[in-house]
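Only one structure is covered here, and it is reproduced in the block below.
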Amino acid sequence: MGIIRTTLLTGIYGVTGGVASVGAGMAYLAATTSFLDLTKNDPMFKTKTYAKYNPKGNPALQDVVIKRIPLRKIRPELRDNEEALTLEFCRGIWSRWGFWAQSKLQERYDKPPGSEDNLWRTSELALAKYEKGLRFSNHFEVVNNEGNEIVVRCGGSPMNAGLRDSDGLVFLSAKIDKEAQQAEFRLKTALFSSAAPFVEGAGHPIPPKITFLHEWYVRILVQSAVGNVKS
């Protein structure tokens with residue numbers, strides 16, 4: 001939990017430029033991003049990717065952060081290309097200040113033998129194409145990329161390809177609404193135990209403190225990421 005807490009506080013300071021209080025940073029995030037629980041009808045749960053990595057259908061902490069930006073504020077070369085916009089949004093998630101602290105902590109404390117093929121620096125993540133199979137920070141692996149949606153597995157080392165006690169998926173996408181003249185960015189998360197036996201009626205395994213920190217961390221990641229697509 002130390003890594004998550006340190007990352008969260010660093011991110012909130014980043015929101016306010018380190019001048020305002022943590023409370024002000026959280027208030028700003030709450031006002032500029034939407035955080036919603038996902039229902040079981042969400043298309044994410046019907047994908048082959050979700051079925052592959054949570055084959056037992058175990059309960060998950062499942063949510064989405066949404067942020068909308070007027071098209072006039074988006075870089076001109078991205079305003080008509082959802083695939084390019086999604087890629088730059090994804091690059092922004094993993095290469096900007098929102099993820100910087102975690103990337104440094106993972107590199108320092110979680111860089112075991114066998115992880116040499118991972119990307120570790122945010123400067124590398126800023127240029128990556130996020131093709132299927134990309135691994136970074138010994139904690140993330142791109143498991144699907146359909147152009148307008150990129151899926152990253154999290155929760156444990158990519159060196160453990162099987163079912164895990166701690167597992168999860170992050171779905172990243174960007175949509176262009178010409179009629180509304182805005183771009184919509186979504187970060188969907190499902191955190192679960194893929195290795196645990198299925199128990200009817202059981203809740204997700206994420207402790208309340210981590211659940212709280214998770215909400216603010218994913219808001220930070222999205223707020224940070226959109227800086228990568230703005231003109």
Side-chain angles (χ1 to χ4, degrees), residues 11 14-17 25-51 60 62-100 122-123 125-134 136 140 142-154 168-190 214-231:
V15 170
T16 60
M26 295 174 73
Y28 178 79
L29 287 169
T32 57
T33 59
S34 298
F35 180 87
L36 304 169
D37 292 332
L38 289 175
T39 69
K40 62 181 181 179
N41 297 321
D42 190 88
M44 179 181 76
F45 301 113
K46 299 177 176 65
T47 63
K48 292 180 180 179
T49 302
Y50 190 84
Q62 53 204 45
D63 46 64
V64 59
V65 177
I66 304 171
K67 187 171 180 69
R68 299 179 179 91
I69 298 176
L71 278 181
R72 69 179 184 276
K73 294 185 177 181
I74 300 294
R75 286 158 45 191
E77 71 274 19
L78 302 176
R79 294 174 188 171
D80 296 300
N81 189 331
E82 285 188 349
E83 291 192 7
L85 188 61
T86 297
L87 176 59
E88 291 304 315
F89 175 55
C90 181
R91 284 172 169 169
I93 291 284
W94 308 115
S95 70
R96 289 174 57 81
W97 51 263
F99 184 64
W100 181 85
T122 53
S123 59
L125 293 165
L127 301 174
K129 295 182 179 179
Y130 293 88
E131 295 171 333
K132 185 176 179 179
L134 175 70
F136 55 101
F140 303 93
V142 178
V143 293
N144 197 35
N145 184 337
E146 297 183 355
N148 61 357
E149 185 174 68
I150 298 171
V151 186
V152 178
R153 190 183 187 189
C154 61
L169 294 168
V170 178
F171 286 67
L172 301 167
S173 64
K175 299 292 183 184
I176 296 169
D177 188 336
K178 287 290 188 179
E179 184 176 348
Q181 283 294 292
Q182 66 182 12
E184 180 179 280
F185 303 91
R186 290 183 176 241
L187 185 159
K188 295 181 182 180
T189 309
H214 163 78
E215 173 183 344
W216 294 102
Y217 188 33
V218 290
R219 285 182 188 263
I220 285 168
L221 288 175
V222 170
Q223 183 65 33
S224 171
V226 295
N228 204 47
V229 303
K230 289 184 175 180
S231 55

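The chain is numbered in sequence order, starting from 1.
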Looking at [Y] and [X], is any side-chain nitrogen of the basic one under 4.0 Å from a carboxylate oxygen of the acidic one?
| X | Y | result |
| --- | --- | --- |
| R68 | E184 | yes |
| R75 | E88 | yes |
| D63 | K188 | no |

For residues [X] and [Y], report the shortest heavy-atom separation together with the two atoms involved.
| X | Y | value |
| --- | --- | --- |
| P76 | S231 | CD-CB, 4.2 Å |
| R186 | V64 | CB-CG2, 4.2 Å |
| V143 | K132 | O-CE, 3.3 Å |
| A174 | T86 | N-OG1, 3.2 Å |
| K178 | R79 | NZ-O, 3.6 Å |
| L38 | M44 | CD1-CE, 3.6 Å |

Item checked: Donor-acceptor pair, side chain of Q62 and main chain of D37, under 3.5 angstrom -> no

Notebook entry, point to check: Stepwise, does the side chain to side chain contact (heavy atoms under 4.5 Å, CB included) test hold for I150 with V142?
Noted result: CA-CA 7 Å; I150 298 171; V142 178; 4.2 Å; yes

Output the distance between atom [atom1] ([X]) and atom [atom2] ([Y]), rounded to the nearest 0.5 Å.
| X | Y | atom1 | atom2 | result |
| --- | --- | --- | --- | --- |
| F140 | W94 | CZ | CH2 | 4.5 Å |
| K67 | T33 | NZ | OG1 | 6.5 Å |
| F89 | L221 | CZ | CG | 9.0 Å |
| N145 | L134 | CG | CG | 10.0 Å |
| L87 | E131 | CG | CD | 9.5 Å |
| F171 | E149 | CZ | CD | 6.0 Å |

[Y] side chain reached by [X] side chain, heavy atoms, under 4.5 Å:
| X | Y | value |
| --- | --- | --- |
| R72 | Q181 | no |
| I66 | L36 | yes |
| V152 | F136 | yes |
| T122 | R96 | no |
| R91 | L125 | no |
| F99 | I220 | no |
| Q182 | I74 | no |
| V229 | F185 | yes |

Item checked: Donor-acceptor side-chain pairing of N144 and E146 below 3.5 angstrom -> yes

Next item on the list: For atom NZ of K48, decide whether the heavy atoms of other residues, nucleotides or ligands shown that lie under 6.0 angstrom number more than 12.
Entry: no

